[in-house]
There are 2 protein chains.
Amino acid sequence: MSGVRAAPRGRIDKRQAILDAAFTVFARQGYANACVQEIAAEAGVAKPTVYNHLDNKETLFREAMAAAATTATARNLAAVDLLRAPGDDLRAAFEEVARQLLRCSADERSRALWRLLNAELTSFPDLLDVVWGEGASRVTEALADRIARLALAGRLRVADPSRAAEQLSGLLMGPIDSRSRLGTRTVSAAEIDELAVAAVDTFLAAFGPR
Amino acid sequence: MSGVRAAPRGRIDKRQAILDAAFTVFARQGYANACVQEIAAEAGVAKPTVYNHLDNKETLFREAMAAAATTATARNLAAVDLLRAPGDDLRAAFEEVARQLLRCSADERSRALWRLLNAELTSFPDLLDVVWGEGASRVTEALADRIARLALAGRLRVADPSRAAEQLSGLLMGPIDSRSRLGTRTVSAAEIDELAVAAVDTFLAAFGPR
DNA sequence: ATGAAGTTGAACTTATCAGTTCAGTGTGGC
DNA sequence: GCCACACTGAACTGATAAGTTCAACTTCAT
């Protein structure tokens with residue numbers, strides 16, 4: 001039995017593998033339809049090992065969601081940060097941010113995160129704080145910060161930065177799930193670009209400099 | 001018992017009671033967690049009666065979703081129809097439409113419909129056509145029609161009415177689920193009004209007459 | 001080497017539900 | 001008054017999956 005060694009890597013990073021696998025399976029089947037057996041298989045691990053790392057299916061779900069939310073938020077914040085140094089061409093800067101935010105939203109795992117949050121909100125009310133509170137709402141706030149600075153510098157005409165930020169993300173997110181048919185269709189890079197340009201165009205028509 | 005029983009005592013309207021109850025329970029618990037027994041109880045009916053009217057849990061779900069989508073769509077279309085006779089004050093007309101659309105979106109059953117659609121999309125791909133295709137997308141198209149007519153009459157400066165319609169609904173829907181925290185908090189009439197005004201303000205700043 | 005800790009597969013317990021069956025009941029049509 | 005038919009309640013079957021147990025195996029630290 002000593003021969004067949006190759007895959008099963010080392011030690012405690014199995015926990016991460018389990019959480020990744022869990023999110024994948026939950027995303028594919030939803031919470032109730034996913035079974036722990038299958039998650040274990042996806043992670044290349046035995047079922048008792050899963051229970052060795054995480055108490056039960058519920059905490060497995062919560063932890064997997066939290067992990068996914070953390071990475072998604074990081075990507076979004078990085079995109080917004082581009083507005084710290086907008087350069088001369090304000091429109092180009094906003095368009096680039098818009099493109100990146102749309103790419104994040106169109107991403108497979110992001111859509112799954114969003115779907116699962118909506119789906120299980122009644123069963124797991126606490127997910128709202130983890131995914132929304134420390135996720136999406138922070139992104140909007142960061143965007144509001146950037147907009148406020150630009151307004152102060154006289155480069156935007158904005159009275160309420162938070163509202164402007166909310167509206168910009170509405171302009172971006174609304175059309176995207178119309179185009180992706182709620183994530184069942186992949187949106188081409190060309191379409192993303194087009195949506196980004198259109199959203200920024202409207203945004204600047206309303207809030208841009210004279 | 002010939003007494004004037006205006007109560008549920010009917011023949012075939014039990015089917016309607018069952019579908020209503022089904023949607024209520026699905027909305028409360030999600031598809032997988034809802035059990036047919038409980039739906040029967042909610043409808044004031046015995047379990048075999050449910051199976052007498054609908055083949056199985058899946059079709060029960062589909063029919064309940066379709067019924068809910070139909071009523072939601074009707075309300076939305078009625079709101080959009082206000083733009084057929086906008087009167088002199090274009091801004092006021094748009095604000096009224098916006099208020100009504102937001103009220104629809106904030107509605108309990110509408111939010112549940114949306115949540116369930118997202119949640120079960122992978123298990124019931126055909127719901128996309130029923131709920132989205134014949135629902136939300138028709139509303140946006142109707143809005144695009146109204147906008148096109150207004151553009152033709154020189155009251156809006158819009159090149160692509162479909163895009164403008166998508167963006168207007170983005171401006172409305174984005175902020176609303178931020179405020180309602182995905183439907184877990186009730187949004188006051190005052191807040192709805194405020195959001196409607198803000199969205200229309202931005203919309204007209206971008207597309208309104210010179 | 002040796003022992004502790006983590007891992008494995010398989011079998012097992014327990015619970016929940018979808019869907020069915022059936023014998024009995026109320027009602028409306030004629 | 002009688003029949004057909006929808007409805008009822010309760011009990012049953014079969015499937016699926018959460019969570020546990022256990023004895024055997026691997027890996028590493030010392």
Side-chain angles (χ1 to χ4, degrees), chain A residues 1-65 119-120 122-124, chain B residues 1-26 28-65 116 119-120 122-124:
Chain A
M1 324 332 181
S2 55
V4 204
R5 296 294 359 252
R9 280 289 306 149
R11 335 198 37 66
I12 297 289
D13 49 6
K14 289 212 161 147
R15 185 192 167 94
Q16 198 50 54
I18 291 170
L19 289 179
D20 274 8
F23 186 80
T24 304
V25 175
F26 284 135
R28 196 164 52 219
Q29 328 220 286
Y31 177 75
N33 275 345
C35 69
V36 177
Q37 187 71 256
E38 191 176 346
I39 292 172
E42 177 88 20
V45 137
K47 187 160 69 140
T49 303
V50 173
Y51 285 101
N52 198 14
H53 284 275
L54 296 141
D55 283 351
N56 50 43
K57 197 183 176 186
E58 289 190 14
T59 56
L60 183 53
F61 184 61
R62 266 186 257 266
E63 301 274 334
M65 289 288 280
E120 307 301 335
T122 47
S123 316
F124 298 84
Chain B
M1 299 335 184
S2 55
V4 196
R5 308 293 301 142
R9 282 286 179 249
R11 220 58 186 143
I12 294 291
D13 48 3
K14 287 213 163 149
R15 185 193 168 93
Q16 199 52 53
I18 291 170
L19 289 180
D20 274 8
F23 187 80
T24 303
V25 175
F26 285 134
R28 196 162 54 220
Q29 327 221 287
Y31 177 75
N33 276 346
C35 68
V36 177
Q37 187 72 257
E38 191 175 347
I39 292 172
E42 177 88 22
V45 135
K47 187 157 73 136
T49 304
V50 173
Y51 284 101
N52 198 14
H53 284 276
L54 297 139
D55 283 351
N56 50 44
K57 197 183 175 186
E58 289 190 15
T59 56
L60 183 52
F61 183 60
R62 265 186 258 265
E63 301 274 336
M65 289 289 279
L116 286 169
E120 306 302 334
T122 48
S123 316
F124 297 84

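Residue numbers begin at 1 in each chain, while the letters A, B, ... track the order of the sequences. Note that these values count all heavy atoms, side chains included, but never hydrogens, waters or copies made by symmetry.
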**Report entry** Phosphate OP1/OP2 of dC7(D): any His53(B) side-chain N/O under 4.0 Å
**Finding:**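 The answer is yes; a side-chain N or O of His53(B) sits under 4.0 Å from OP1 or OP2.
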Round to a whole Å and report the spacing from [atom1] of [X] to [atom2] of [N].
X	N	atom1	atom2	value
Lys57(B)	dT16(D)	NZ	P	14 Å
Asp13(A)	dG6(C)	CG	P	14 Å
Gln37(A)	dT20(D)	CD	P	15 Å
Phe61(A)	dA17(D)	CZ	C1'	17 Å
Lys14(B)	dG26(C)	NZ	P	13 Å
Asn33(A)	dT16(C)	CG	P	18 Å
Gln29(B)	dC17(C)	CD	P	9 Å
Glu38(B)	dT16(C)	CD	C1'	13 Å

Query - Side-chain H-bond candidate by donor/acceptor type, Thr59(B) with Asn56(B), under 3.5 Å - result: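 Result is yes, a qualifying pair exists.
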Query raised in the report: What is the nucleic acid contact for Ala32(A), judged by heavy atoms within less than 4.0 Å: base, sugar-phosphate only, or nothing?
Result: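 No contact.
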Requested in this report: Looking at every strand, decide which applies to Ala41(A) at a 4.0 Å heavy-atom threshold: base, sugar-phosphate, or nothing.
Outcome: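 Here Ala41(A) touches no strand at all.
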Requested in this report: Answer yes or no on whether Lys57(A) is positioned over the face of Phe26(A), meaning its NZ or CZ is under 6.0 Å from the six-membered ring centre and within 45° of the axis.
Outcome: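 Output no; distance or angle outside limits.
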Query raised in the report: Looking at DNA chain C, which of residues 43-52 of chain B put a heavy atom within less than 4.0 Å of it?
Result: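 The stretch gives Lys47(B), Pro48(B), Tyr51(B) as the residues lying under 4.0 Å from the strand, ordered by number.
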Query raised in the report: Is the backbone of Phe23(A) close enough, under 3.5 Å, to the side chain of Asp20(A) for a donor and an acceptor to pair up by distance?
Result: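 Judged by distance alone, no pair lies under 3.5 Å.
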Requested in this report: Answer yes or no: is there a side-chain heavy-atom contact under 4.5 Å between Gln29(B) and Thr122(A)?
Outcome: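 Result no, sub-4.5 Å side-chain heavy-atom pair not found.
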Query - Test item: Glu63(B) and Arg15(B) side chains (from C-beta on) under 4.5 Å apart, heavy atoms - result: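 When only atoms from C-beta onward are counted, Arg15(B) and Glu63(B) do touch, with a gap below 4.5 Å.
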**Report entry** Distance-minimising heavy-atom pair for Val50(A) and Val45(A)
**Finding:**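 Residues Val50(A) and Val45(A), closest heavy atoms: CG2-CG1, 4.0 Å.
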Please table the atom pairs, donor to acceptor, closer than 3.5 Å between any side-chain atom in residues 34-44 of chain A and protein atoms at least two apart or in another chain.
{"residue": "Glu38(A)", "atom": "OE2", "partner": "Arg28(A)", "partner atom": "NH2", "Å": "3.4"}
{"residue": "Glu42(A)", "atom": "OE1", "partner": "Arg28(A)", "partner atom": "NH2", "Å": "3.4"}

